[in-house]
Structures are given as structure tokens and as C-alpha cells.
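Taking it in order: structure first as C-alpha cells, then the write-up.
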Amino acid sequence: MNDPTPTVYLVDDDTDLLKAIARLLESASLKVATFESPEAFLEGHVGGAPGCLVLDLAMPGLNGLQLQQRLEQQGSTLPIVFLTGRGDIAASVQAMKHGASDFLTKPVDDKVLLTAIHEALAKGQALHRAGEEQERLARCLASLTERERQVLDGIVAGRLNKQIAAELGTVEKTVKFHRGNLMRKMGVRVVADLVKLAERAGIGTATGGSAG
Amino acid sequence: MNWVEIGWTVMSASSLTLGVIHLFVWFKQRAQYAHLLFFALAACATAFGAFELALMQASSPGAYAATLRWAHVPLAMFVLAMVWFVYFHFGAGRLWLAWSVCGFRLLGLGLNFATGVNINFRTVSAMDLMTLWGGAVVSGPVGAANPWAVVPQFGNLLLLAFVIDATVTLWRRGGANAHRRAAVVGGGVAVCITTVAGFAALITLGLVHAPTIVMPGVFVIVIAMGYELAWDMIAAAQLAAQLRASELRFRAVVEAVPSALLLVDDKGMIALANLQAEALFGYPRAELIARPVDTLSPERVRVAHAGMRDGYAKDPRNRAMGAGRALSVRRKDGAEIAVEVALSPMPTAQGLFTLVSVVDVSERRGLERETARQRDELAHLSRVAMLGELSGSLAHELNQPLTAILSNAQAAQRFLAQSPPRTDKLAEILSDIVKSDHRAGAVIQRLRAMLRKEEAQRQRLDLNDLVEESLRLMRSDLLNRHVEVSTDLVAELPAVDGDRNQLQQVLLNFMINGCDAMDGQAHGRSLLVRTQLTAPGHVEVSVADRGAGIAPADLERIFEPFVTTKSHGLGLGLAICRSIVEAHGGRLWASNNADAGATLHCELPAHPNGRQ
């Protein structure tokens, strides 16, 4: 998580191919880790690290699609670029449905492969960043007191301080105090940003729904 | 002329006639000495008859004595001829007895001239005229007996013993012929000798006053011997007739048999040839007879053929048709035709003959070749269809190295494009490219070999290698169908003799069949490929699946053409596999596994020289 350079994880049971593609990626200055089987990958790679997976579809033991499912179950967000020997439509549809980043047919041209990998890496990076943002948000939300949270819900629902005070059975001045505290804890300066954050954290719709 | 003169003349003349007839026979058949001996016998009898007639007409004692002395010469010769006739012609009698008889008789003949007036009388003092029955008047001698007469008389006893012994031997030999011969010759001769010799002894001793009458006994012996000899000639004639008939039958059979027949003598010359031989070899019979049989072999094997013939002469036995190597003969027009040859030895008095029977099998060979060609063609068609089924897998097997090559090459380009260019990895990259190229090349070559349409070519193969190679070709297909493969390959497996493409086809078919059998099933799709040594000199390769198995009624039927349990396919695959394996001298069968699924087995004879 702290490693800034993303890794391309290569999984293929054909060692000649594994070596060749790893070499190609290295020539493009990418950091590569190779695995000869899905099982070896599951054992060897550290979950949550940034990067992408380049996966052969047909392999003995677990095949590519099965590995994708396994990772999905584990909650991994690692983007996957599939490499396949044959343009199997059913397999590609299934792969894409489960969020594959790309589905390429061998032999694959370097530009195509590198583009796909870069896209996947970017996606991975974005997901990684989004994940981190989400975590920060959750931390902020967790730091709010119960009263502050109630005030936040009121703000997101678009109520006035007076209305919130009446709802909570307190005075407007107290609401204003809580509002200042929670704005500071959430790291925002204007209400508009606070609402945006709350929306991203999925607060607005839920509480709005129940209140409306 | 009285009856004595007539009788003695007739006996002498008859003897001479018989003798001359047999002399003539002997001239025609020089090997038949019995006829010459008989002529001597008969001629002596004739001469003796004349002497005896002269004795009976002798007018003075001197003339009587002199005549009797000379009469002993033909008599002795007669006895000698008779002894050897019996000994040689009938093959009976003891040699020492025969010599003894001759010795005493010749000794008697010597004494006949050395003592007295002859061997019978020391002196003859007077002649006595006697009137015989019928009024014939003959003269008889009056005189003193010669004591040396015991010598020829003892000889007569020996002669009797010799004849009786020969008769017993003949009789014991058994058979109607020998019995008749013993009775006629033995009986006749013994009685005559006893009578004549006894009578002569009585006269000589003066106990009986009568003329010496020997000629009738001698004549009876001549007749008895002549009868036997004539009987032999008749038997020989009958035998010759039978032989002719049997030879005619033999010739008819020889002409009628459907194969070409040659009778070859111990020098390799053709003694006899039939109509089919003329047709097969294209020579008229006259050119075949007395021709060296080696010249019927193609020139390139002529020397070898002569060697084989010598080998056969050392160990002549019946050699069956088709038991030997593939032979061919050369026709007169130079064409070579494939034949099968059978030999039967025929030992004869003229040496070892061999009956050679030759059958033209070129048509059969042609049919066999045609059958093999059709089988190969069908195998090829089925192989092409099977490769079609495997095309995805094969494409994948090509695609992998091609992808590796492309990626390696592009990596190299990128390394070179860097500034400064990186060259440290180039050697490694190039060597990997070469490796991948070989890998792709091998797949293409295998594919080309399998697709090529050519006659089956036998070579030594390691079944384990073939299994590994087939699994490589099937790899992608097995992965796609989620079939796991395990192998149980026996190390040090003896090689087999076979066509690589066809046997690989069998293996691939086995594996495809195994996969097809597990198509519907969600779990446990696996194949076990096994090689093992079964019966001595046999290796087996089997593919076991974990499918539903085969209905017992279908275990044999699945090898019939157009029988299939699948929705796709013609049902020819296993039928063709069986014909392939049977052409390799092996067998193919299916069995159900104890736990689950079925196994296809292929057993092949191991190469006699063991491992590859």
C-alpha cells in the first residue's frame, strides 16, 4: 500500500511465453512479477498492492476465469487483462461481466498489450486512490459524535439550523456549535463540499429517503 | 524210333528251346543274369539228354564208359548253374553250402576223368540189352562200381541240403508267391535229385539192373526253373503295366493340379513340367525340360537360389506353401511375378528328386496391396477429420510459441530503442526466439506428417514418446474441456514397430473418445494414460476415462464402422483404429473400469530387438 510503483502480475503456465512477455514489459520499464500458475499467484502476491494482473485464460488446475472469481470473492480490486489463445466469445463475455479490464488475443502486439496494461494500471491506481479517499472519509465520519452526526444528516437533508434544532429538541446556537465542529473534522470549509462528501459516503440518500 | 529216342529228343530239344528263349531275353536285358544262368542250365540239360540217349544206345562197354565219362561234364555244369540260379535268382540258400556243392561236384568231375573208366564205374565189362516197358530196347552197363563215386554222391547230399535249406528260407519269407516258389522249385528239385541220384547210385552199385535214367529228372528241374522264371517275367510285365497305368495317372494328376509343377533332379535340372508350368513360366514344355531350375529365378537372386537349393538338398523336407520368404520367378518374357513355392522331396533310385509346386500369387499380392492402400487412405481421411476436431488445440500449440517469439522480438526492439541501447539481453532473447521457433516448427511438422497422404511406413517407436507427444498436441483441448490427465508410463518400455502417424492417430482417438465420454459431467473429468508390458513380447497402451462407461453389449460393437454413441462423428474412428492396430499385428479392445468409466486398450507386439 505504501509502494508507489505498481506491479504487473503475470500468470501463464507456458514458461516460454511468461518469460517473453515479462521481458517485453520490462523493456517498457514496468515492474513485473511472474507466476506459473494461478495457485502460485494466490499464494505469492500481497493483497491490496497497486498494480494489475495479466492472466492466461487456459491453464491446468484453476483457469483464468476461476482465478478472477476467486479474487472477486476475496474483495480484490486488482484490474485483470486476459490473454487468450482463441477468441472464445462466451469466455470473454463472462470475463468482462466480472469486471475484466481487457480481453486480448494471442499473439498480441506490444502496443496493444502495453496500452491495455497502462489502462489497467491507471484504473488500478484510480481504484486505489478512491479506496484511500473512501477510507479517509470513513475515518472522518467515525470521528463524529452522535450529535454531530445527527446535525450532519440534517444538513445533508437540506434543513435549516432552526429546523434541526427543533428536531433535536435543542437551541439553534448549539446546532451552530456542532456544525462548526463537524465541518472542521470533515475537513471542509463550505457546506457544498460537506454535502458532496456526505453523498460520496452514501449518507444523503439514505437519510434523505427516511426523512422525506 | 522207339519212344525212348523220341522222349529224350523231345526233352533235349524243349530244354534247348527254353534256354534259347531266355538267352534272347538276356540279350535284351543284360542286367537280368537269371536268364543267362537259365540258358546255361537248359543248354547243359540238352547236352546231357543227348549223352544219355547215346548211353542207352551204346554198343560196346568201352563206348558206354567213355560216353558216361563225358556226360558228367554237362551234368556238373547243370548242377553248378542250378545252384547259382537258386542262390541268385531266389535269393535263398547258404553261400558256404553252394560253394561246397560246387566243390564236390567239380572234384567228382576231376575224379571222373582220373579214376576208373568214369566216376560211376571202375570197369564196364559188358553191355546188357534190356527191354523196357513199351518194347523199347536199351543197353545197360555191367561192371564194377568206382569207389570214388561217393564223392559226387556226397555232393548230391549237399545239393539236397542246399535246396531244402533254400526252400525253407523261401517258405518262411511268406506270401503266396514265396510259397508257390518254394513248392515248385524246392519241392520239384528235391524230389528229382533224390530220385535220380538214388536211382543212379543203385544202378552203379549193381543193386538194380536198369539203364541210368537221369534226363527226366533234369528236365523236370529245367521245367520248374523255367516256370518260375516265366512267372517272374509275367509278374514283371504286370508290374510294368501297373507302373505305366500309375504313371499315366500321375501325369493326369500333374496336368490337372491348378499350380505349376516342376520335378527337379539332384543337379537342379527340370525333369518334368506340367501345363500350368508352361503357362506360368511362359516357356514351352520342351524348353523347360532339362533346363537348370535356377534360370527361372530372377537374375539378382540366382546365386542365392542355387545356395538355397544346396541347403535344401542337405535337409530335404516338405516345405509348405507360403512358409518361406516372398519369392518371385522370372518368366521367359522377362517379367517377374510373385509366387509361393512348396517343395516335397522324392527319393528315387536315380537320386533325390524334388517336386516343386509354384503358385502365382501376384494377383493376391496385388489385392493385399490394394487393401492396405485403402486402409491407409481411410486412416488418412479419418486422421484429417480428427485433426479438424483438434484444430483449436493445434492452433493454440502454434500460437503459444508464435506469441513468445513476437513478444521477445518486440522486447528486443524496445531495448535497442532505448538511449543508450540496451544490448545485454539480446543474446538471451535471440536464443529464446530460436527455441520457440523450433517448438512451432515441430508442431507444424507433426501436423504435416499427419495430414500427408502416404503409405504406412514402419519404424521403431517408443510408445511413451508417442503418448507424450499426443498429450502435447491435445493439451489445449484437454484444458478447454477441463480434463485432467495423469500418466503411468512404464520406464524401459520395449519399442514397437509401426507407422508413427497411424499409431498416434490411434492414441489421439483414444483420448478424444475418453474426453467425449465425460462431456456431460460437471466434475471428475480425468484421463489416465498408461503404458505397460503385458504378455511377453507385447506392450500395451491404454486410456482410461471417468465417464459413464460402456454398456456391456456395446463393448465390442463400438469397433464396428458407423456405430457411434455420440451426436457428432461418423463412428469410423475406432473402427479405423482397429484396422490400423490389426495391420500392425496387435489388437484393440474396450473394458469398463471397476469404479467408474471405461478403458480403451491397444496391445502391440514389441520389436524383437527390445528397446529403441
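Note on naming: letters A, B, ... go to the chains in the order of the sequence lines (proteins, then strands), and numbering restarts at 1 for each one.
Qualifying side-chain contact (heavy atoms from CB on, under 4.5 Å) partners for A:Leu194, counting only residues two or more places apart in sequence or in other chains: A:Leu152, A:Ile155, A:Leu182, A:Met183, A:Met186, A:Val188. Considering only residues two or more places apart in sequence or on other chains, B:Ala440 meets the side-chain contact (heavy atoms from CB on, under 4.5 Å) condition with B:Leu398, B:Pro401. Applying the side-chain hydrogen bond (donor to acceptor under 3.5 Å, both in side chains) criterion to B:Asn593, with sequence neighbours excluded, gives B:Thr599.
Using a 4.5 Å cut-off between heavy atoms, B:Ile433 makes no contact with chain A at all.
Ranked by heavy-atom pairs under 4.5 Å with chain A, the list B:Leu402, B:Ile405, B:Ile429, B:Leu406 is led by B:Ile429.
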Which side chain or backbone donor-acceptor pairs connect chain B with chain A at less than 3.5 Å?
residue: B:Asn399; atom: ND2; partner: A:Gly85; partner atom: O; Å: 3.1
residue: B:Asn399; atom: ND2; partner: A:Lys106; partner atom: O; Å: 2.9
residue: B:Gln400; atom: OE1; partner: A:Lys106; partner atom: NZ; Å: 2.6
residue: B:Gln400; atom: NE2; partner: A:Asp14; partner atom: OD2; Å: 2.9
residue: B:Asn408; atom: OD1; partner: A:Arg23; partner atom: NH1; Å: 2.5
residue: B:Gln410; atom: OE1; partner: A:Asp110; partner atom: N; Å: 2.8
residue: B:Gln410; atom: NE2; partner: A:Asp109; partner atom: OD1; Å: 2.9
residue: B:Gln410; atom: NE2; partner: A:Asp110; partner atom: OD1; Å: 3.3
residue: B:Arg414; atom: NE; partner: A:Asp110; partner atom: OD2; Å: 3.2
residue: B:Gln418; atom: NE2; partner: A:Ser27; partner atom: O; Å: 3.0
residue: B:Glu428; atom: OE2; partner: A:Arg23; partner atom: NH2; Å: 2.9
residue: B:Asp432; atom: OD2; partner: A:Lys19; partner atom: NZ; Å: 3.2
residue: B:Asp432; atom: OD2; partner: A:Arg23; partner atom: NH1; Å: 3.1
residue: B:Asp432; atom: OD2; partner: A:Arg23; partner atom: NH2; Å: 3.0
residue: B:Lys435; atom: NZ; partner: A:Asp16; partner atom: OD1; Å: 3.0
residue: B:Arg439; atom: NH1; partner: A:Asp14; partner atom: OD1; Å: 3.2
residue: B:Arg439; atom: NH1; partner: A:Asp14; partner atom: OD2; Å: 3.1
residue: B:Arg439; atom: NH1; partner: A:Asp16; partner atom: OD2; Å: 3.2
residue: B:Arg439; atom: NH2; partner: A:Asp14; partner atom: OD2; Å: 2.7
residue: B:Arg475; atom: NH2; partner: A:Asp13; partner atom: OD1; Å: 3.4
residue: B:Arg475; atom: NH2; partner: A:Asp13; partner atom: OD2; Å: 2.3
residue: B:Ser476; atom: OG; partner: A:Arg86; partner atom: NH2; Å: 3.1

